[in-house]
Asks: 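Can you read through this structure? Questions will come right after.
All residue numbers in this chain count up from 1 along the given sequence.
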Amino acid sequence: MHTHFMDKLRNYDVSFSGLKTGKHEFRFEIDKEFFQLFDTEQEFTNPRITVDVLLDKHTTFLEFEIKVNGTVELVCDITNENFDYPIENQIGVLVKFGEEYDDSEEDVITIPSNDHAFNIAQLIYENVALSIPMKKVSPNISDEDLEILEKFSPKEAEEEPKSDPRWDALKNLKNKN
């Protein structure tokens, strides 16, 4: 089972070992099958997303620019109707070579020196996941509708913190003096 999964994931490998230094472009089309590779709580219904990858190969490191563009279907929190939500996001990553895989640095990923390809599946996934709003509201709902709904809907306790921890900290400082 696991090998099958790895094969699928390998479709999102960008193979750089045979490439000349300079700029190279790759394009991936991703759909529901892509998201099934990830153990995710989030429902990605009918995703139609194009991923454009620009690789700038330098002698000692690689620069990746990954753009995602397309739509996913979301279910409106209010009306429960499906609507297409536009996904558009872009990230840049620097890939360096080292002893072992390491992604602890922001925007820098180190891969083993003997790797020939860089897998961008996780980056695509995060790029798309980050584009999806916490509150899913259909574009068919007008602002007036929203105001009316908010008046009548019970306030969720967790949504608005009673007090801002930063202010609390300041108050505590004041009281001490």
Asks: Only pairs under 3.5 Å count here: list side-chain donor-acceptor contacts from residues 15-24, not counting sequence neighbours, and write none if there are none.
Replies:
residue: Lys23; atom: NZ; partner: Asp56; partner atom: OD2; Å: 3.3
residue: His24; atom: NE2; partner: Lys20; partner atom: O; Å: 2.7

Asks: Identify the two heavy atoms, one from Pro133 and one from Leu74, that lie closest to each other, and give their separation to 0.1 Å.
Replies: CD-CD1, 4.0 Å
Asks: Apply the hydrophobic cluster definition, ILVMFWY joined by side-chain contacts under 4.5 Å directly or through others, and give me every member besides Met134.
Replies: none
Asks: Which atom names give the shortest non-hydrogen contact between Phe28 and Val14, and what distance separates them?
Replies: CZ-CG2, 3.9 Å
Asks: Okay, side chain of Ser113, backbone of Gly98: is any donor-acceptor separation there less than 3.5 Å?
Replies: yes
Asks: Hey, what do you get for CD1 (Ile91) to NZ (Lys67), rounding to the nearest 0.5 Å?
Replies: 12.5 Å
Asks: Starting from Val68, can I reach Leu54 by hopping between I/L/V/M/F/W/Y residues whose side chains sit under 4.5 Å apart?
Replies: no
Asks: What pairs with Asp52 under salt bridge (Lys or Arg N to Asp or Glu O under 4.0 Å), at least two apart in sequence or on another chain?
Replies: Arg27
Asks: Using every non-hydrogen atom in the two residues, find where Ser138 and Cys76 come nearest and quote the distance to one decimal.
Replies: N-SG, 3.3 Å
Asks: If I compare all heavy atoms of Tyr12 with all of Ile30, which pair ends up nearest, and what's the gap?
Replies: CE2-CG2, 3.7 Å
Asks: Working to the nearest 0.5 angstrom, can you tell me the gap between Tyr85 OH and Thr45 OG1?
Replies: 15.0 Å
Asks: Which pairs, with at least one residue in residues 126-146 and sequence neighbours excluded, count as a ring pair (Phe, Tyr, Trp, His ring centres under 6.0 Å)?
Replies: none
Asks: Can you tell me how far apart CG (Leu9) and CD1 (Ile120) are? Round to the nearest 0.5 Å.
Replies: 10.5 Å
Asks: Show me the pairs that pass salt bridge (charged side-chain N to carboxylate O under 4.0 Å, His left out) and involve residues 75-95, at least two apart or across chains.
Replies: Arg48-Asp84
Asks: If we only count heavy atoms from C-beta on, is the Lys32 to Pro47 side-chain gap below 4.5 Å?
Replies: yes
Asks: Tell me whether Tyr125 is reachable from Ile132 by hopping between hydrophobic residues (I, L, V, M, F, W, Y) whose side-chain heavy atoms are closer than 4.5 Å.
Replies: yes
Asks: Of all residues at least two apart in sequence or in a different chain, which pass the side chain to side chain contact (heavy atoms under 4.5 Å, CB included) check with Glu100?
Replies: none
Asks: Run the numbers on Leu62 and Phe97 for side-chain contact (heavy atoms from CB on, under 4.5 Å), then give the verdict.
Replies: CA-CA 9 Å; Leu62 311 165; Phe97 297 97; 4.0 Å; yes
Asks: So, using side chain to side chain donor-acceptor pair (under 3.5 Å) as the criterion, who are the partners of Asn82 when residues are at least two apart?
Replies: Glu73
Asks: Filter on ring pair (Phe, Tyr, Trp, His ring centres under 6.0 Å), then keep only pairs touching residues 55-77, sequence neighbours left out; what's left?
Replies: His58-Phe61, Phe64-Phe118
Asks: Determine the minimum heavy-atom distance between Thr71 and Ile49, stating which atoms define it.
Replies: O-CG1, 3.9 Å
Asks: Between atom OG1 of Thr50 and atom CD of Glu29, what is the distance when rounded to the nearest 0.5 Å?
Replies: 4.0 Å
Asks: Going by the rule side chain to side chain donor-acceptor pair (under 3.5 Å), which residues pair with Asp31 if we only count those two or more places apart in sequence or in a different chain?
Replies: none
Asks: With sequence neighbours left out, which residue pairs that include part of residues 105-125 fulfil the salt bridge (charged side-chain N to carboxylate O under 4.0 Å, His left out) condition?
Replies: Lys96-Glu105
Asks: Tell me every residue that passes ring pair (Phe, Tyr, Trp, His ring centres under 6.0 Å) with Phe35, counting only those two or more places apart in sequence or in another chain.
Replies: Phe44
Asks: With sequence neighbours left out, what residues match Ser131 under side chain to side chain donor-acceptor pair (under 3.5 Å)?
Replies: Asn89
Asks: Taking side chain as C-beta onward, heavy atoms only, is Ile124 less than 4.5 Å from Phe34?
Replies: yes
Asks: Are Leu94 and Tyr101 connected in a single hydrophobic cluster, I mean Ile/Leu/Val/Met/Phe/Trp/Tyr linked by side-chain heavy atoms less than 4.5 Å apart?
Replies: no
Asks: What distance do Asp103 atom CG and Ile111 atom CD1 have between them, rounded to the nearest 0.5 Å?
Replies: 12.0 Å
